[in-house]
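For reference, the structure discussed in these notes is given below.
Start at 1 and go down the list; that is how both ligands and their atoms are numbered.
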Amino acid sequence: MLEENLKLVKERIAHACQRAGRDPSEITLVAVSKKKPLSDVETLLQAGQPDYGENYVQELCQKYDEISRPVRWHMIGHLQTNKVKYIVDKVVLIHSVDSVHLARQIEKEAAKKDLVSNILIQINIGHEETKFGLEAEEALNMIREISKFPHVRIRGLMASAPFTANPEENRCYFQKLHELFIDIREKNIDNVDMEILSMGMTNDYEIAIEEGATMVRIGTAIFGARN
Ligand SMILES: *Cc1c(COP(=O)(O)O)cnc(C)c1O
């Protein structure tokens with residue numbers, strides 16, 4: 001069942017790419033395994049899916065410890081500064097950096113472990129009160145600040161669009177984020193690679209791909225509904 005779901009999602013990614021004149025190899029699929037058992041991750045690893053997203057530090061660390069095979073873990077949930085030390089050497093990418101304060105802590109912990117931490121800057125594209133992330137206008141200044149940290153590397157932007165019954169309504173947010181992504185890329189800031197645009201979830205990933213996503217984070221469509 002999981003393998004079937006994965007196959008279906010990949011087909012839909014390929015179709016979205018076709019509509020947008022893009023190559024599916026430009027898109028990284030992050031399977032969001034939060035609240036799902038490790039056995040599900042093992043099944044999909046076996047099926048050739050390398051990247052997994054988790055929202056909670058404790059759950060990520062537990063899965064990290066228990067799995068015997070190498071996994072490309074992504075931290076996609078809100079991250080508290082006091083938890084950075086637990087994950088900085090366990091994940092390939094932190095998607096949810098929305099303050100210089102948090103980036104400074106990542107710098108500190110990455111330096112201790114003598115590594116460079118790859119991060120995305122999280123933007124609040126829907127202007128939702130409850131969502132984390134920076135307003136787009138603040139992004140450039142913050143990126144310039146964070147780019148000075150030698151053990152942190154900004155690789156792109158991340159956002160979640162509002163939940164809506166009609167995902168077409170989110171197209172404008174994805175367009176806006178893509179424009180911001182290109183604007184920042186054109187600034188050619190030292191130590192910043194604007195190459196990853198992480199946007200699109202179960203409800204709206206095809207639209208996100210049509211609008212320039214290079215990474216989609218998909219949970220429900222692969223693993224089924226979470227309780
Ligand atoms: C849970 C979650 C997802 C996956 O959501 P689905 O709708 O299940 O695909 C993606 N991104 C973030 C930040 C999440 O918290």
Side-chain angles (χ1 to χ4, degrees), residues 1-13 16 27-38 40-41 43-44 49-63 71-80 83-84 87 91-99 102 118-134 139 155-171 173-174 177-178 181 196-227:
M1 212 258 293
L2 287 175
E3 291 100 322
E4 269 302 303
N5 292 348
L6 179 67
K7 199 168 144 234
L8 204 75
V9 166
K10 283 187 177 168
E11 281 169 11
R12 295 177 77 153
I13 289 173
I27 315 292
T28 301
L29 167 60
V30 177
V32 177
S33 48
K34 65 176 176 220
K35 299 189 177 167
K36 294 295 175 181
L38 194 64
D40 284 3
V41 174
T43 301
L44 290 180
Q49 167 60 32
D51 290 81
Y52 296 85
E54 289 285 339
N55 282 57
Y56 309 102
V57 167
Q58 197 182 350
E59 186 176 350
L60 195 156
C61 291
Q62 199 171 347
K63 284 177 173 154
V71 172
R72 292 174 53 81
W73 292 111
H74 295 244
M75 178 64 197
I76 64 171
H78 180 65
L79 181 58
Q80 290 170 294
K83 304 256 175 85
V84 169
I87 60 142
V91 299
V92 294
L93 187 62
I94 301 173
H95 291 229
S96 44
V97 178
D98 61 358
S99 70
L102 177 58
N118 291 307
I119 68 162
L120 303 180
I121 302 299
Q122 183 175 0
I123 308 290
N124 182 357
I125 42 174
H127 304 290
E128 289 171 283
E129 298 283 327
T130 54
K131 280 257 166 71
F132 296 105
L134 288 179
R155 305 291 305 277
L157 303 180
M158 176 272 211
S160 304
F163 182 82
T164 160
N166 175 13
E168 215 23 81
E169 287 170 9
N170 284 340
R171 188 180 293 278
Y173 297 123
F174 295 139
L177 191 69
H178 185 245
F181 177 74
I196 300 175
L197 186 53
S198 170
M199 60 183 192
M201 304 169 30
T202 291
N203 204 33
D204 54 20
Y205 66 95
E206 290 156 287
I207 293 168
I209 288 170
E210 288 171 16
E211 299 303 334
T214 71
M215 194 173 267
V216 290
R217 310 178 308 270
I218 301 179
T220 309
I222 296 175
F223 295 98
R226 294 176 291 273
N227 332 328

Is the shortest distance from a Lys or Arg side-chain nitrogen in Glu54 or Lys63 to a carboxylate oxygen in the other one below 4.0 Å? yes
Could you check atom 8 (O) of ligand 1 against the protein and tell me its nearest heavy-atom contact, residue, atom and distance included? Thr220 OG1, 2.6 Å
Pull out every atom of ligand 1 sitting under 4.0 Å from any heavy atom of Gly219, numbered as shown with elements. 4 (C), 6 (P), 8 (O), 9 (O)
Non-hydrogen side-chain atoms of Leu8 and Leu6 separated by less than 4.5 Å: no
Checking heavy-atom distances from atom 1 (C) of ligand 1 to each of Arg217, Lys34, Met158, Arg226, the winner is Lys34
With a 4.0 Å cut-off on heavy atoms, does Ile218 reach ligand 1? yes
State whether a side-chain donor-acceptor pair under 3.5 Å links Gln122 with Ser96. no
I want to check something: taking the side chain as every heavy atom from C-beta on, are Met215 and His95 in contact at a cut-off of under 4.5 Å? yes
In this structure, atom 5 (O) of ligand 1 is nearest to the protein heavy atom Met201 CE, 3.5 Å
Would one find more than 12 heavy atoms of other residues, nucleotides or ligands at under 6.0 Å from atom CZ of Arg12? no
of all protein heavy atoms, closest to atom 9 (O) of ligand 1 is Thr202 OG1, 2.5 Å
Evaluate the side-chain proximity of Leu79 to Val97: yes if any heavy-atom separation is below 4.5 Å, no if none is. no
Quick test: of every protein heavy atom, which one is nearest to atom 12 (C) of ligand 1, and how far off is it to 0.1 Å? Ile76 CD1, 3.5 Å
